[in-house]
Amino acid sequence: MLWSACGAAGGGLQGLWEAEVIVDNRRVPFRMEFEGEGGALQAAVLDGDNRWRSSSARLEGTRLTVRWDYYDAVLEAALADGQLSGTYRRQGRGRRIEYGFQARRWQAPEASEEAAPNIQGAWRIEAEGNSRGRVMKGLFRQSGSEVSGTVQRIDGDFGALEGRWRNGVLRLSHFDLIRATLLEIRLAAPARIEGVLDGRQKFTAIPMAEAEAAGLAPPPDPSRYTGVKSPGEVFRFTFHDLEGKPVSLTDARFRGKAVIVSITGTWCPNCHDEAPFLKTLYDRWRERGLEVVSVFFEYTGEPARDHEQIRLFLKRHGIEWTALYAGQIEDGAVERAFPQLAGFGAFPTTIFLGRDHRVASIHAGFAGPANREEHEELKREMTGLVERLLTDRSAAHLFRR
């Protein structure tokens with residue numbers, strides 16, 4: 001990919017910058033882009049083809065302040081000798097999270113003559129531990145020593161990973177304002193790699209085709225990861241909307257309609273990936289009897305503050321369907337709120353209900369644009385499912401146990 005470095009010789013910030021956040025002494029590189037100046041200054045964190053654009057940005061003298069209101073996040077940095085240094089802060093689960101920040105203007109990297117291992121293709125990645133989601137799928141592209149791609153986990157993809165081999169180590173990184181991800185990978189043997197995720201979790205990987213031939217367990221199927229305890233039962237819930245009014249599936253607005261229930265959060269990048277597609281479905285079929293309900297679990301548990309974040313999420317994605325607040329995200333919160341579910345384990349989780357409000361399908365996570373092939377396939381599958389739900393009066397026979 002080619003980026004313009006326009007403005008590099010000027011006194012403003014316009015153009016592309018090489019940035020990094022410092023997380024527990026790990027440096028996680030990413031790219032930022034600045035456009036405009038003065039009151040029209042805008043910043044964006046680059047995430048593959050996606051851009052996490054700022055809500056506001058201002059350079060006053062040498063002091064830069066950038067806000068991303070939809071993540072309750074702010075970057076404060078000082079400009080000196082052509083470099084930015086400062087602090088990035090955002091809301092976390094029950095606390096504020098703070099990272100060091102540095103950036104300098106982007107320069108084309110020098111061509112590497114290193115003979116780099118080639119890991120292009122699909123890999124079966126298995127992390128240490130006993131988690132149900134420890135088996136993942138790595139998808140990598142490579143040109144010389146430069147590598148890009150993503151990792152597909154049960155809750156969704158890691159976003160666009162980029163990096164290069166240096167001295168026998170491949171460092172792939174990603175930053176999307178919430179996740180600061182760093183994979184450090186080494187070639188352990190021919191067609192074998194090993195590595196560490198975020199300085200903590202070790203993993204090994206072999207090519208996916210070899211893993212399939214050996215009969216190794218594949219990554220979890222997101223359409224079977226979460227189920228319902230009694231598939232024949234009508235699905236039920238009651239939560240409050242942003243005006244404090246209780247809303248239930250038994251309300252008149254949902255009667256006789258197919259319903260998509262998205263268990264989501266404004267803090268969740270994969271939920272932001274899912275929202276535009278849900279809007280496409282809703283806009284296309286609302287007149288034929290499709291409803292969408294987003295049930296939000298948020299970081300602070302303070303209703304006024306969480307409601308404001310939800311409103312910003314709705315505005316960002318142009319959402320007009322029902323939005324409900326389920327309280328703070330904490331261990332066991334979803335299971336208590338939705339006691340009919342079995343095996344919940346991912347944000348977002350999307351529940352498809354027929355016109356009889358019985359569960360037809362549950363999908364864990366969302367494959368975003370960074371995993372383009374699975375992203376497009378998932379959209380086709382969900383589109384076909386909604387078409388069937390609008391045609392059939394009962395959904396119980398569609399549910400895959």
Side-chain angles (χ1 to χ4, degrees), residues 47-49 115-165 168-174 176 179 181-198 200-226 269-270 273-274 343 345-346 348-349 361-382 400:
D47 179 6
D49 294 335
N118 193 322
I119 65 166
Q120 179 157 316
W123 293 73
R124 180 190 183 271
I125 298 174
E126 183 166 358
E128 286 186 338
N130 298 315
S131 166
R132 291 171 64 207
R134 68 184 180 277
V135 178
M136 301 169 279
K137 185 178 184 179
L139 299 162
F140 304 119
R141 300 177 296 275
Q142 185 163 343
S143 176
S145 63
E146 296 186 358
V147 180
S148 61
T150 194
V151 173
Q152 183 70 37
R153 195 168 57 184
I154 189 61
D155 55 347
D157 60 85
F158 278 23
L161 296 164
E162 295 181 348
R164 58 170 43 207
W165 289 95
V169 180
L170 171 62
R171 291 180 173 86
L172 294 174
S173 61
H174 169 83
D176 56 19
R179 300 172 295 191
T181 302
L182 181 65
L183 278 75
E184 298 171 284
I185 295 173
R186 292 175 172 81
L187 189 69
R192 298 288 188 278
I193 59 177
E194 62 184 16
V196 180
L197 171 62
D198 294 336
R200 297 186 301 271
Q201 190 174 36
K202 295 181 180 180
F203 63 85
T204 58
I206 64 173
M208 187 64 74
E210 185 177 331
E212 292 172 351
L216 296 180
D221 182 346
S223 68
R224 297 179 181 273
Y225 194 77
T226 300
N270 297 114
D273 285 344
E274 181 193 49
T349 287
S361 181
I362 301 176
H363 191 90
F366 189 80
N371 183 356
R372 189 171 302 278
E373 182 176 335
E374 292 188 26
H375 178 64
E376 295 301 326
E377 177 61 25
L378 177 59
K379 291 196 294 184
R380 286 191 293 271
E381 289 179 1
M382 287 185 171
R400 298 200 301 168

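Quick note: numbers below take in every heavy atom, side chains included, and nothing from hydrogens, waters or symmetry partners. Throughout, residue positions are numbered sequentially from 1 according to the sequence presented.
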**OP:** Would you list the pairs meeting salt bridge (charged side-chain N to carboxylate O under 4.0 Å, His left out) in which at least one residue belongs to residues 142-153, sequence neighbours left out?
**Re:** Glu146-Arg164, Arg153-Asp155
Subject >> Heavy-atom side-chain contact between Pro348 and Asn270 under 4.5 Å >> reply: yes
**OP:** Working to the nearest 0.5 Å, report the span between NE2 of His363 and OH of Tyr225.
**Re:** 12.5 Å
Original post:
Excluding sequence neighbours, so at least two apart, what forms side chain to side chain donor-acceptor pair (under 3.5 Å) with Ser148?
Top reply: Arg141
Subject >> Asp157 to Ala370 - nearest heavy-atom pair and separation >> reply: OD1-CB, 3.5 Å
Original post:
Any sub-3.5 Å donor-acceptor pair from Gln142's side-chain atoms to Gly144's backbone N or O?
Top reply: yes
**OP:** Mind listing the closest non-hydrogen atom pair of Pro220 and Gly133 along with its distance?
**Re:** CG-CA, 4.3 Å
Subject >> Spacing of Ile193 atom CD1 and Leu183 atom CG [to the nearest 0.5 Å] >> reply: 9.0 Å
Subject >> Where Leu187 and Trp165 come nearest, the two heavy atoms and their spacing >> reply: N-CH2, 4.2 Å
Original post:
Are side-chain heavy atoms of Pro218 and Val135 found at a separation under 4.5 Å?
Top reply: no
Subject >> Pairwise distance CG(Leu139) to CH2(Trp123) - rounded to 0.5 angstrom >> reply: 12.0 Å
Original post:
From Phe203 CZ over to Glu184 CD, what is the distance, rounded to the nearest 0.5 angstrom?
Top reply: 9.0 Å
Subject >> Flag side-chain contact, heavy atom, 4.5 Å: Leu197 against Phe158 >> reply: yes
Original post:
Given side chains that start at C-beta, do those of His174 and Val151 come closer than 4.5 Å, heavy atoms only?
Top reply: no
Subject >> Interatomic distance, Leu161 atom CG to Leu170 atom CG [nearest 0.5 angstrom] >> reply: 9.5 Å
Original post:
Could you walk me through whether Phe366 and His375 pass the side chain to side chain contact (heavy atoms under 4.5 Å, CB included) check?
Top reply: CA-CA 8 Å; Phe366 189 80; His375 178 64; 3.7 Å; yes
Original post:
In this structure, are over 12 heavy atoms from other groups packed under 6.0 Å from Arg186 atom CZ?
Top reply: no
Subject >> Any donor-acceptor pair under 3.5 Å from Arg132 side chain to Gly343 backbone >> reply: yes
Original post:
Under 3.5 Å, is there a donor-acceptor pair between the side chain of Asp47 and the main chain of Ala160?
Top reply: yes
Subject >> Rounded distance (nearest 0.5 Å) linking atom NZ of Lys137 with atom CD1 of Ile125 >> reply: 11.0 Å
**OP:** Using the side-chain hydrogen bond (donor to acceptor under 3.5 Å, both in side chains) rule, pick out the option among Glu377, Glu376, Gln152 that qualifies with Asn371.
**Re:** Gln152
**OP:** Evaluate the side chain to side chain contact (heavy atoms under 4.5 Å, CB included) criterion for residues Asp49 and Arg372: first the C-alpha distance (whole Å), next the side-chain angles of each, then the deciding distance (0.1 Å), finally the verdict.
**Re:** CA-CA 11 Å; Asp49 294 335; Arg372 189 171 302 278; 2.9 Å; yes
Original post:
Any donor-acceptor pair under 3.5 Å linking the side chain of Arg124 with the backbone of Ala217?
Top reply: yes
Original post:
For the salt bridge (Lys or Arg N to Asp or Glu O under 4.0 Å) test, which of Arg134, Lys202, Arg192 pairs with Glu126?
Top reply: Arg134
**OP:** Kindly give the heavy-atom pair with the smallest separation between Thr150 and Gly159, and that separation in Å.
**Re:** OG1-O, 2.7 Å
Original post:
More than 12 non-hydrogen atoms from neighbouring residues, nucleotides or ligands closer than 6.0 Å to CZ on Arg179, yes or no?
Top reply: yes
Original post:
With distance as the sole test, does Asp198 use its side chain to make a donor-acceptor pair with the main-chain N or O of Arg200 at under 3.5 Å?
Top reply: no
Original post:
Mind checking whether Leu216 and Ile206 have side chains closer than 4.5 Å, heavy atoms only?
Top reply: yes
Original post:
Any side-chain heavy atom of Glu274 sitting closer than 4.5 Å to one from Leu378?
Top reply: no
